[in-house]
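Take a look at the structure below.
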There are 2 protein chains.
Amino acid sequence: MERSLRYYELHAEVCKTFGHAKRLMVISTLRDNELMVTEISERTGIDISNLSQHLHVLRDKGLVSTRREGTKIYYQLSHPNIGKALDLMSAFLDQSISKSQDLIKKS
Amino acid sequence: MERSLRYYELHAEVCKTFGHAKRLMVISTLRDNELMVTEISERTGIDISNLSQHLHVLRDKGLVSTRREGTKIYYQLSHPNIGKALDLMSAFLDQSISKSQDLIKKS
DNA sequence: CAACTATTTTATAAAAAACTTTAAATATTT
DNA sequence: AAATATTTAAAGTTTTTTATAAAATAGTTG
């Protein structure tokens with residue numbers, strides 16, 4: 001299927017957003033419930049300020065959305081498929097690549 | 001599901017590899033057939049040298065493999081699931097995000 | 001075999017992008 | 001104003017990407 005450069009760029013933007021361990025951890029903690037920033041920080045061990053910057057990236061790409069309650073801001077995945085997409089990637093990782101041999105180098 | 005930092009790092013490595021428009025284009029051209037470097041270059045418009053650098057990244061992560069024939073080197077996806085994984089990402093992109101509104105900003 | 005062509009890779013340096021840290025700033029409620 | 005929760009700004013570091021030129025590899029020809 002022929003696609004535009006623009007399409008690949010958009011696609012790459014999203015992939016890039018998943019391309020950081022901390023962001024994947026954040027997404028993972030938000031899979032089952034919404035959480036406020038300090039809670040995400042506690043569960044992932046990411047420092048609040050740095051976390052906030054990663055949350056900004058995620059929100060900028062539309063992967064998470066927010067809800068304010070007083071001074072607290074609750075983050076949630078903006079679409080359940082986001083978690084599913086990562087599951088598929090994981091399954092792909094586990095089965096197709098890592099398993100047969102340690103093909104994923106650069107470790 | 002609780003996962004190790006190491007796991008997220010590996011996962012992120014693969015996502016990061018998909019996180020560049022040129023590499024997505026390369027993967028796309030290799031979906032149905034293996035191609036030699038010059039052919040990939042013609043079809044994608046990526047300059048040979050730069051292309052070779054991106055192919056190196058893809059091979060380094062185990063996403064493509066090669067076969068030599070004289071001076072030519074043919075590249076192929078190392079696993080058909082790689083294309084499928086991107087399809088799922090595309091479907092996700094098309095349906096879940098882009099469609100409802102233009103959530104993917106930073107354009 | 002030496003020279004030559006075709007194909008691909010690599011080395012290097014510069015430019016651009018992403019990430020982290022620290023400190024300061026911004027809401028919001030009490 | 002003080003306390004809490006979160007974001008932003010700025011500076012510095014690291015990583016990634018690109019462009020250019022040179023090198024490597026394999027095959028061909030005189």
Side-chain angles (χ1 to χ4, degrees), chain A residues 5 8-27 29-30 33-76 104-107, chain B residues 5 8-27 29-30 34-61 63-76 104-107:
Chain A
L5 173 62
Y8 289 115
E9 284 171 349
L10 275 176
H11 204 314
E13 282 294 326
V14 175
C15 292
K16 201 184 297 178
T17 307
F18 290 134
H20 196 288
K22 289 182 182 175
R23 287 193 293 266
L24 291 180
M25 286 192 276
V26 169
I27 291 169
T29 65
L30 294 175
N33 33 44
E34 64 170 16
L35 293 172
M36 51 181 284
V37 179
T38 42
E39 287 171 331
I40 302 173
S41 174
E42 282 160 11
R43 300 197 186 190
T44 59
I46 305 168
D47 147 82
I48 292 276
S49 175
N50 189 206
L51 173 59
S52 182
Q53 290 169 100
H54 284 297
L55 288 171
H56 183 273
V57 173
L58 290 168
R59 197 172 40 181
D60 201 50
K61 296 293 164 17
L63 302 180
V64 300
S65 54
T66 59
R67 176 176 76 78
R68 167 157 239 149
E69 200 172 283
T71 63
K72 304 164 189 168
I73 296 182
Y74 287 90
Y75 277 79
Q76 63 250 187
I104 305 168
K105 296 192 304 179
K106 178 62 173 305
S107 313
Chain B
L5 174 61
Y8 289 114
E9 284 171 348
L10 274 176
H11 204 315
E13 282 292 326
V14 175
C15 292
K16 198 185 297 177
T17 308
F18 289 135
H20 195 286
K22 289 182 183 175
R23 287 194 291 267
L24 290 180
M25 285 192 274
V26 169
I27 291 170
T29 64
L30 294 176
E34 63 170 16
L35 293 172
M36 52 182 282
V37 180
T38 43
E39 288 171 332
I40 302 173
S41 175
E42 282 160 10
R43 299 195 188 191
T44 59
I46 305 169
D47 148 81
I48 292 275
S49 176
N50 189 206
L51 173 58
S52 184
Q53 289 165 329
H54 284 296
L55 287 171
H56 183 274
V57 173
L58 290 169
R59 199 173 37 181
D60 201 48
K61 295 292 164 18
L63 301 179
V64 300
S65 53
T66 57
R67 174 176 77 78
R68 168 157 239 150
E69 199 174 285
T71 62
K72 304 163 187 167
I73 296 181
Y74 287 90
Y75 277 79
Q76 65 249 188
I104 306 170
K105 297 192 303 179
K106 181 63 177 300
S107 311

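Just so it is clear, the structure is predicted and the values come from calculations on it, not from any experiment. Protein chains get the first letters and strands the later ones, always in sequence-line order, with residue 1 at the start of each.
Remark: side-chain polar atoms of A/R68 are paired, donor with acceptor, to backbone N or O of A/G70 under 3.5 angstrom. Judged purely by atom type and a 3.5 angstrom limit, B/R23 has no side-chain atom pairing as donor or acceptor with the backbone of B/L58.
One can place NZ of B/K61 at 13 Å from P of D/dT15, the figure rounded to the nearest angstrom. Protein atom CG of A/D47 is 16 Å distant from nucleotide atom P of D/dA5, rounded to whole Å. Atom pair B/E34:CD and C/dT8:P shows a separation of 12 Å (rounding to whole Å applied). Per the geometry, CD1 belonging to B/I46 stands 12 Å off P belonging to D/dT17, to the nearest Å. With rounding to whole Å, B/L55 atom CG is found 15 Å from D/dT18 atom C1'. Remark: C1' of D/dT16 and CD of A/E13 are 14 Å apart, rounded to the nearest angstrom. Going from atom CD of A/E39 over to atom P of D/dT6 covers 8 Å, rounded to whole Å. In this structure, the CG atom of A/L58 is 15 Å from the C1' atom of D/dT7, given to the nearest Å.
Comparing D/dT20, D/dT7, D/dT18 by their closest approach to the side chain of B/N50 singles out D/dT18. In the set D/dT7, D/dT6, C/dT9, the nucleotide with an atom closest to the side chain of B/S52 is C/dT9. Nearest to the side-chain atoms of A/K22 among the listed nucleotides C/dT9, C/dT20, D/dT6 stands C/dT20. With C/dT22, C/dT20, D/dT6 as the candidates, the nucleotide lying closest to the side chain of A/I48 is D/dT6. Candidate nucleotides D/dT8, D/dT18, D/dT17 were compared by shortest atom distance to the side chain of B/Q53, and D/dT18 ranks first. Between D/dT6, C/dT28, C/dT8, one nucleotide has an atom nearer to the side chain of B/I73 than all others, and that is C/dT8. With C/dT9, C/dT8, C/dT20 as the candidates, the nucleotide lying closest to the side chain of B/K72 is C/dT8.
One cannot find a donor-acceptor pair under 3.5 Å joining the base of D/dT6 and the side-chain atoms of A/S49.
When each of B/V26, B/T29, B/I40 is checked for a side chain to side chain contact (heavy atoms under 4.5 Å, CB included) with B/Y75, only B/I40 meets the rule.
Projected onto DNA chain C by closest heavy-atom contact, A/T71 and A/G19 fall at different nucleotides, the more 5' of which corresponds to A/G19.
OP1 or OP2 of D/dT7 sits under 4.0 Å from a side-chain N or O of A/Y75. Regarding contacts with the backbone of C/dA18, every side-chain N or O of B/H20 stays at 4.0 angstrom or more from both OP1 and OP2. Between A/R68 and D/dT6 there is no side-chain N or O to OP1 or OP2 distance below 4.0 Å. Contact annotation: A/H54 side-chain N/O to C/dT20 OP1/OP2 distance is under 4.0 Å.
Nucleic acid contact class of B/T38 (heavy atoms, under 4.0 Å, all strands): sugar-phosphate only.
For the pair B/K72 and B/Y74, the tightest heavy-atom approach, listed with the atom from each and the gap, is CD-OH, 3.9 Å.
Once rounded to the nearest 0.5 Å, the distance linking NZ of A/K61 with SG of A/C15 reads 11.5 Å. A/S41 OG to A/L35 CG: the interatomic distance, rounded to the nearest 0.5 Å, is 11.5 Å.
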